[in-house]
Amino acid sequence: MKKRKFGLAMSVVLAAGTMLAACGSDKANEKEPADKPATGNEGEKSEFSIAMVTDVGGIDDKSFNQSAWTGVKEFGEEQSWEKGEGGYDYLQSTDPADYTTNLNNLARRDFNLIFGVGFLMEDAIADIAAQQKDTEFAIIDGVVDAPNVTSVLFKEQEGGFLAGVAAALMTKSDKIGFIGGMDIPVIERFEAGFLEGVKAVKPEIKVDAKYTGAFDKAELGKAEANRMYSSGVDIIFHAAGGTGNGVFSEAKERKQADKDAYVWVIGVDSDQYEEGKVGDDNITLTSMLKRVDVAVKDIAKLAMEGNFPGGETKVYGLQDNGVSLADSRGAIPQDVLDQIDEFAQKIADGEVEVPEFVEKKK
């Protein structure tokens with residue numbers, strides 16, 4: 001696949017008007033109504049409906065799929081729609097073989113806009129979009145060249161860079177880990193940015209980076225985290241979906257066994273603070289937020305207004321509120337946060353350009 005450069009963002013606060021306006025705009029009336037429309041605030045029939053198909057991590061993966069569902073659900077609720085036919089809904093994939101079936105089922109149920117979550121769904125969306133030409137589709141983290149498909153990308157490497165800066169400034173052992181899911185371009189962008197962020201602060205640190213080959217195998221994440229922590233690593237950044245739940249499990253077990261243990265996890269996609277709770281303590285240092293919910297709501301708004309960007313690639317960069325670091329709830333001191341903010345500003349100003357691919361050693 002040809003390598004591309006993409007855009008991404010760091011701000012957490014969204015202007016509600018940017019995403020919620022025009023529910024009743026004139027342009028929306030240009031859309032053909034679904035056969036089973038949802039009911040609005042005053043009993044009026046909605047002419048628009050949205051749904052999504054998860055990747056194998058599941059709707060409650062505390063990460064990528066869950067963030068996408070948050071966007072779908074919030075958009076639907078903001079229109080006073082109900083979950084189900086003619087409103088908003090999802091189908092969960094337990095295996096890649098489910099992608100095509102789930103996408104086709106939602107199209108046949110007359111949802112106007114259907115999101116496919118994940119790079120691995122490219123082929124399935126391309127196939128179904130060619131068959132269901134009156135349905136609009138959006139793929140997250142993939143590119144499909146079709147007039148009724150919008151491709152949505154992020155610049156994960158910039159958010160990863162900030163996570164790397166945080167890890168390098170907070171480590172005590174000067175040993176840091178990265179655990180990825182499948183070795184695909186989107187996860188490599190997380191890794192590339194993370195490595196670059198660590199390097200910018202402490203170039204002498206060599207990050208222990210490993211891929212588990214799966215997004216839904218918590219046991220693999222736990223085993224890899226066990227190896228890393230046992231080797232002296234004290235901070236691990238995971239970009240592994242449900243597999244990353246195992247990283248949290250391992251860190252929490254170590255904290256439970258030794259309250260003074262200095263072990264941290266940097267979460268991904270969603271704010272994973274709740275995943276890190278250990279009694280009164282917490283092992284979540286921060287999370288690199290990938291605002292899939294922002295992208296979902298933005299695309300849904302455009303489509304509902306009759307401005308669906310079919311055939312285009314929407315890249316969510318710094319000015320689009322696409323990524324950020326979550327509130328550390330005091331785990332990261334202010335002087336470190338100030339340094340992170342300085343790097344963030346340099347990236348925003350173009351002074352620092354973050355690579356999206358890991359430099360391979362010859």
Side-chain angles (χ1 to χ4, degrees), residues 23-24 27-41 43-61 64-118 120-140 142 144 146-152 292-293 295-311:
C23 175
K27 290 183 179 179
N29 293 329
E30 297 173 8
K31 303 294 293 180
E32 289 296 323
D35 291 341
K36 298 180 180 179
T39 301
N41 282 324
E44 296 179 357
K45 298 295 185 179
S46 170
E47 297 180 352
F48 191 74
S49 58
I50 62 175
M52 64 170 274
V53 174
T54 76
D55 203 344
V56 294
I59 200 70
D60 56 353
D61 62 354
F64 193 59
N65 290 298
Q66 187 165 328
S67 180
W69 174 239
T70 295
V72 169
K73 184 178 179 182
E74 287 182 354
F75 187 84
E77 291 178 343
E78 286 158 5
Q79 319 311 319
S80 297
W81 297 344
E82 295 182 357
K83 181 178 180 297
E85 304 300 319
Y88 64 93
D89 208 346
Y90 75 90
L91 290 179
Q92 186 158 304
S93 305
T94 59
D95 186 273
D98 296 335
Y99 298 156
T100 298
T101 300
N102 286 341
L103 289 164
N104 199 35
N105 283 344
L106 290 176
R108 289 180 174 179
R109 287 167 59 187
D110 292 323
F111 284 97
N112 299 82
L113 173 62
I114 300 170
F115 291 89
V117 182
L120 298 176
M121 221 172 291
E122 283 185 338
D123 290 344
I125 285 187
D127 290 343
I128 298 303
Q131 298 171 28
Q132 303 284 356
K133 295 182 179 180
D134 292 332
T135 302
E136 295 168 342
F137 297 87
I139 181 167
I140 307 293
V144 173
N148 58 332
V149 179
T150 294
S151 303
V152 179
V292 182
D293 57 329
V296 164
K297 293 170 77 172
D298 183 46
I299 298 298
K301 175 181 177 291
L302 289 171
M304 189 172 69
E305 292 175 333
N307 297 319
F308 179 69

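FYI, the numbering just counts along the sequence from 1.
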Under 3.5 Å donor-acceptor, Thr70 side chain and Asp293 backbone: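 Pair absent, no side-chain N/O of Thr70 close to backbone of Asp293.
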Side-chain (Asp61) to main-chain (Gln66) donor-acceptor, under 3.5 angstrom: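 Yes; judged by distance alone, with no hydrogens or angles, the pair exists.
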If you take all heavy atoms of [X] and [Y], which pair is closest and at what distance?
X: Ile299; Y: Phe308; value: CG2-CE1, 4.2 Å
X: Ala303; Y: Glu136; value: CB-OE1, 3.7 Å
X: Gly310; Y: Thr150; value: N-OG1, 3.7 Å
X: Ile139; Y: Gly118; value: CD1-O, 3.7 Å
X: Ile114; Y: Ala107; value: CD1-N, 3.4 Å
X: Gly76; Y: Tyr88; value: CA-CD2, 3.7 Å

Do the side chains of [Y] and [X] get nearer than 4.5 Å, heavy atoms only?
X: Asn112; Y: Ile50; value: no
X: Asp55; Y: Phe64; value: no
X: Ile140; Y: Phe115; value: yes

Report, one line per pair, each donor and acceptor closer than 3.5 Å where one atom sits in a side chain of residues 90-97; sequence neighbours left out.
unit_1	atom_1	unit_2	atom_2	d
Gln92	OE1	Ile59	N	3.0
Ser93	OG	Thr54	O	2.8
Ser93	OG	Asn102	ND2	3.2
Thr94	OG1	Asp98	OD2	2.9
Asp95	OD1	Ala97	N	2.8

Charged N-O contact under 4.0 Å between Lys83 and Glu77: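 So Lys83 does not pair with Glu77 through a salt bridge.
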Plane angle bin for Trp81 and Phe48 - parallel if under 30°, tilted between 30 and 60°, otherwise perpendicular: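 Geometry flag for Trp81 against Phe48: tilted rings.
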Atom pair [atom1] ([X]) and [atom2] ([Y]), whose distance is rounded to the nearest 0.5 Å:
X: Glu78; Y: Lys301; atom1: CD; atom2: NZ; answer: 12.0 Å
X: Met304; Y: Lys297; atom1: CE; atom2: NZ; answer: 11.5 Å
X: Asn105; Y: Asp89; atom1: CG; atom2: CG; answer: 11.5 Å

Test side-chain hydrogen bond (donor to acceptor under 3.5 Å, both in side chains) applied to Gln132 and Asn104, step by step: CA-CA 8 Å; Gln132 303 284 356; Asn104 199 35; 3.2 Å; yes
Partner set under side chain to side chain contact (heavy atoms under 4.5 Å, CB included) for Ala124, not counting sequence neighbours: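 Side chain to side chain contact (heavy atoms under 4.5 Å, CB included) list for Ala124, sorted by chain: Tyr99, Thr100, Leu103, Met121.
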Under the side chain to side chain contact (heavy atoms under 4.5 Å, CB included) test, residues paired with Asn148 that sit two or more places apart: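 For Asn148 the side chain to side chain contact (heavy atoms under 4.5 Å, CB included) partners, ignoring immediate neighbours, are Ala129, Phe137, Ala146.
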